[in-house]
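Okay, structure first, notes after.
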Amino acid sequence: MSASTHNGEGLEGGWSLVPFNFLHLTLELIVGFVALLFITKALGKTQISQITPFDFISALILGELVGNAIYDKEIGIHYVLYAVILWALLIIIIEKITQKKKASRSFLEGRPTIVIREGKIDYEALRHNKLDLNQLQHLLRDKDVFSFQDVHYAILEANGTVNVMKTPSSSPTTNKDWMAAVPAPSPMPLSVILDGEWIEDNINEANLNKGDILADIHDQNIPALEKVLYAEWNGSYPLYIQTYETK
């Protein structure tokens, strides 16, 4: 009888902890939610719309601090608030420093880099920013640019996006620019050489002959395939080619 009574008391004690744990978790979640809401407002919209690598890491750590504090039974609400407020103050201090001290911006926020200058790909800039040609093409397509020939300038921003200044011939036309006859759509530009190597899928897609491509490369006074940084097929020869060296 005493054993059953003991077990019953233990069971009742266990059940009595459940509402308390749920109540404690609910309070911590609400406090953490409200704290993050106010911090987001305090940091400003640029933390979301113009997030830099530092901002991204800061957001991850801030969320991790709140998550660990909430689900750790030994940490109370005051620790949640302390962790959130302290980390937010550090971020705000960094933001103030970058606003007041111009020299600190390139180190703390990063700086934009010109990766295409006057239609020429800056290979060294790509390598310095650990960006390959496939990634650059993807970023350009996000800006509705499907050919390097349409790019006059391309700037890699500190947040990893690319902004493009198109060539005048590829800029959107206005009503005044329309001619009586609408030209046929141009074929999809296909890269056939990247970093000195064949792009087999695109060569097969365009039904091209490698011998013809090599002949065109030699016609443009380029001695070898390995010298080609980028070659693009636009439906006819000559190919659009850029080499590692400035021609």
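Side-chain contact between Ile222 and Val228: present, with at least one pair of heavy atoms (C-beta onward) separated by less than 4.5 Å. For the pair Leu156 and Leu136, the minimum side-chain heavy-atom distance is 4.5 Å or more. Looking only at side-chain heavy atoms (C-beta outward), Leu131 and Leu126 come within less than 4.5 Å of each other. Trp233 places none of its side-chain heavy atoms less than 4.5 Å from the side chain of Ile193.
Pairs engaging residues 203-212 under the side chain to side chain donor-acceptor pair (under 3.5 Å) rule: Glu200-Lys210 [sequence neighbours left out]. Residues in residues 126-154 take part in these salt bridge (Lys or Arg N to Asp or Glu O under 4.0 Å) pairs, two or more places apart or across chains: Glu124-Arg127. The stretch residues 139-159 participates, sequence neighbours left out, in these ring pair (Phe, Tyr, Trp, His ring centres under 6.0 Å) pairs: Phe148-Tyr230.
Between Ile199 atom CD1 and Leu194 atom CG the span is 4.0 Å, to the nearest 0.5 Å. In this structure, Asn163 CG and Thr161 OG1 are separated by 5.0 Å, a value rounded to the nearest 0.5 Å. Separating the NZ atom in Lys96 from the CG atom in Leu89 is a distance of 12.0 Å, to the nearest 0.5 Å. From Leu190, atom CG reaches atom CG of Asn234 across 8.5 Å, with rounding to the nearest 0.5 Å. From Asp216, atom CG reaches atom CD1 of Ile213 across 8.5 Å, with rounding to the nearest 0.5 Å. Taking CD of Glu226 as the start and OG1 of Thr243 as the end, the distance is 13.0 Å to the nearest 0.5 Å.
Remark: Gln135 engages no residue in a side-chain hydrogen bond (donor to acceptor under 3.5 Å, both in side chains) (not counting sequence neighbours). For Gln149, the side-chain hydrogen bond (donor to acceptor under 3.5 Å, both in side chains) criterion is met by Glu232, not counting sequence neighbours. Not a single side-chain contact (heavy atoms from CB on, under 4.5 Å) links Ala215 to another residue, sequence neighbours left out. Partners of Tyr240 according to the side-chain hydrogen bond (donor to acceptor under 3.5 Å, both in side chains) rule, which considers only residues two or more places apart in sequence or in another chain, are Gln242. Shown here are the side-chain hydrogen bond (donor to acceptor under 3.5 Å, both in side chains) partners of Asn202, two or more places apart in sequence or in another chain: Ser191.
Taking hydrophobic clusters as Ile, Leu, Val, Met, Phe, Trp and Tyr residues chained together by side-chain heavy-atom distances below 4.5 Å, Ile121 shares a cluster with Val164. Tracing side-chain contacts under 4.5 Å through hydrophobic residues (I, L, V, M, F, W, Y), one reaches Tyr244 starting from Ile116; they form part of the same cluster. Note on Ile203 and Leu214: same hydrophobic cluster, where clusters join Ile, Leu, Val, Met, Phe, Trp and Tyr whose side-chain heavy atoms are under 4.5 Å apart, directly or indirectly. Clustering ILVMFWY residues whenever any of their side-chain heavy atoms sit less than 4.5 angstrom apart, transitively, puts Tyr123 in the very cluster that holds Val115.
Nearest heavy-atom pair, Ala125 versus Ile114, reported as atom, atom and distance to 0.1 Å: CB-O, 3.6 Å. The shortest non-hydrogen separation linking His218 to Pro223 is CE1-O, 3.1 Å.
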Step by step, work out the side-chain contact (heavy atoms from CB on, under 4.5 Å) result for Leu133 and Asp195. CA-CA 8 Å; Leu133 290 173; Asp195 294 318; 3.8 Å; yes

Test side-chain contact (heavy atoms from CB on, under 4.5 Å) on Val151 and Val145; report intermediate values, then the result. CA-CA 8 Å; Val151 182; Val145 176; 3.6 Å; yes

Please test Trp198 against Leu225 for side-chain contact (heavy atoms from CB on, under 4.5 Å), starting from the C-alpha separation and ending with a verdict. CA-CA 9 Å; Trp198 297 110; Leu225 177 73; 3.6 Å; yes

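No more than 12 heavy atoms of other residues, nucleotides or ligands sit less than 6.0 Å from atom NE2 of His128.
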